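All remarks here apply to the structure that follows.
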Amino acid sequence: MTLLRAATLRPGDRVAVVAPGGPLQRQPLEPGLDVLTSWGLEPVLGASVRTRHGYLAGNDDERLSDLQRAFDDPSVRGVFCARGGYGTGRIVDRLDLSAIRRDPKVVVGYSDVTALHLLLRKELGLVTFHGPVLARDWEEDGWSAEALSRAVMDPAPLGVLPHPAAYPAVDTLVPGVVSGLLVGGNLTLLAGSLGTSTAIDARDAILVIEDVHEAPYAFDHLLTQLRRAGVLESATGIVVGECVRCDPGPDDPPSPSVRDVCAEMFAELGIPSVYGVACGHGLAQLTLPLGVRATLDAAGGTLEVTEPATVG
C-alpha cells in the first residue's frame with residue numbers, strides 16, 4: 001500500500017481535540033492544551049470532549065460528529081485525542097474518509113484510539129501516531145512532550161528512539177535484527193479487530209503491542225488469539241511496550257509475569273522481540289509513527305525509525 005503522509009505541523013496550525021471513546025476522568029485536559037499552545041498550535045475543542053454519556057464521551061452521534069468535523073475542516077491540520085477509554089470502535093465504520101484522503105492530517109492517540117489507527121491504515125495507508133492522549137500528567141513528564149513534538153513537528157526521520165533514563169533497560173526476549181513497517185497498538189484492540197474489516201495486518205511488519213490492567217493469563221489469551229489467527233507468525237519482529245498494572249501482586253496467586261508469557265511464546269515462534277519499550281500506559285511515552293519503516297535490533301534493545309512520517 002502506498003503511504004499517505006500528512007504535512008508536518010507548524011506554529012500557527014489549528015488542531016482539533018476530540019474524544020472518540022471514553023470521557024475525561026481524573027486527569028485534567030488543560031495541561032495538555034497548554035503543551036499544544038506552547039508549540040504555537042491552536043487547539044480547537046470538539047463539542048463533546050467534556051461530555052459524559054455513561055462510559056462514553058457523548059453518545060455515538062456526538063463523538064462521530066466531532067471526529068468527522070475534524071477530518072472535514074480544511075483549516076484543521078492535526079487531530080489529537082483527549083483520552084482513550086472505550087468507544088472508538090463503535091463509530092469508526094461510520095466515518096466518511098473522503099476529505100482526509102484528499103487532505104491528510106496528523107492523528108495522535110493510543111489505547112482505544114488503536115481502532116482509529118487500524119481504520120486509517122487499512123482504508124488510506126495514512127501514517128498515524130501512537131502517542132500520548134492530552135488528558136495525562138504532563139507536568140511530571142517533559143520527556144513525552146519532547147518526543148511528541150519531535151514526531152509531529154519535525155519532518156526528519158526519528159532515527160533511534162530514546163529510552164527514559166529512569167526506566168529499566170529494554171529487555172531482549174529473542175535476539176535478531178529485522179526491518180519492516182511499524183504497526184500495532186493496544187493488544188486488546190488488536191485482538192478485538194480480528195474478523196472485522198480493519199483486522200490488524202502484521203505481514204512483514206514490526207508489531208507493537210501494549211496493554212494495561214490485563215493479568216498474565218489474559219495477556220496469554222490475547223496473544224494466543226493473535227497467534228491462532230496467524231498474526232504473530234507473519235510479523236518480522238515484535239515490540240512490547242510498558243504493560244502497566246498487569247503483573248500479579250504479592251497477594252495474588254503465583255503466576256508468570258507478562259514478560260515471561262511474551263518471552264515463552266515469541267521464543268517458540270523464533271521472532272526477534274523486546275520488552276519494556278516506553279510506549280504504553282506509563283508516565284513516559286514515545287510517539288511511534290505507524291506505517292513507516294523501522295529497524296529493530298532486539299539484542300541491542302533499539303528501535304530505529306528510518307523514514308519520514310510527515311511531509312515537511
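Any value given below was found using the heavy atoms of this structure, including those in side chains, with hydrogens, waters and symmetry copies removed. Small disclaimer: the values here were computed from a predicted structure and weren't measured.
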- Query: When the aromatic ring centroids of His281 and Tyr110 are compared, is their separation below 6.0 Å?
  - Reply: yes

Sorted by chain and residue number, the side-chain contact (heavy atoms from CB on, under 4.5 Å) partners of Val274 (sequence neighbours excluded) come out as Val170, Val239, Val277, Leu296, Ala298

When rounded to the nearest 0.5 angstrom, what is the spacing between [atom1] in [X] and [atom2] in [Y]?
X	Y	atom1	atom2	answer
Arg83	Asp112	CZ	CG	9.0 Å
Thr236	Ile271	OG1	CD1	8.5 Å
Leu187	Glu210	CG	CD	8.5 Å
Asp260	Ser255	CG	OG	8.5 Å

- Query: Got a donor-acceptor contact below 3.5 angstrom from the Ser149 side chain to the Glu146 backbone?
  - Reply: no

Of all heavy-atom pairs linking Val106 and Ala6, the shortest is N-CB, 3.4 Å

Practice problem: Kindly indicate, with the supporting measurements, whether the criterion salt bridge (Lys or Arg N to Asp or Glu O under 4.0 Å) is fulfilled by Asp72 and Lys105. | Solution: CA-CA 10 Å; Asp72 292 347; Lys105 303 173 193 286; over 6 Å; no

inquiry  = Under the criterion side chain to side chain donor-acceptor pair (under 3.5 Å), I'd like the reasoning laid out for Ser193 against Thr198: C-alpha separation, chi angles, the key distance, then a yes or no.
reply    = CA-CA 6 Å; Ser193 75; Thr198 57; 5.9 Å; no

If you apply the rule side chain to side chain donor-acceptor pair (under 3.5 Å), what do you find for Asp220 with Thr224, and how did you get there?
CA-CA 6 Å; Asp220 188 320; Thr224 298; 2.9 Å; yes

Here the salt bridge (charged side-chain N to carboxylate O under 4.0 Å, His left out) pairs for residues 282-308, sequence neighbours left out, are Arg5-Glu307

> Considering residues, nucleotides and ligands other than Glu264, do more than 12 of their heavy atoms fall under 6.0 Å from its CD?
Replying inline: no

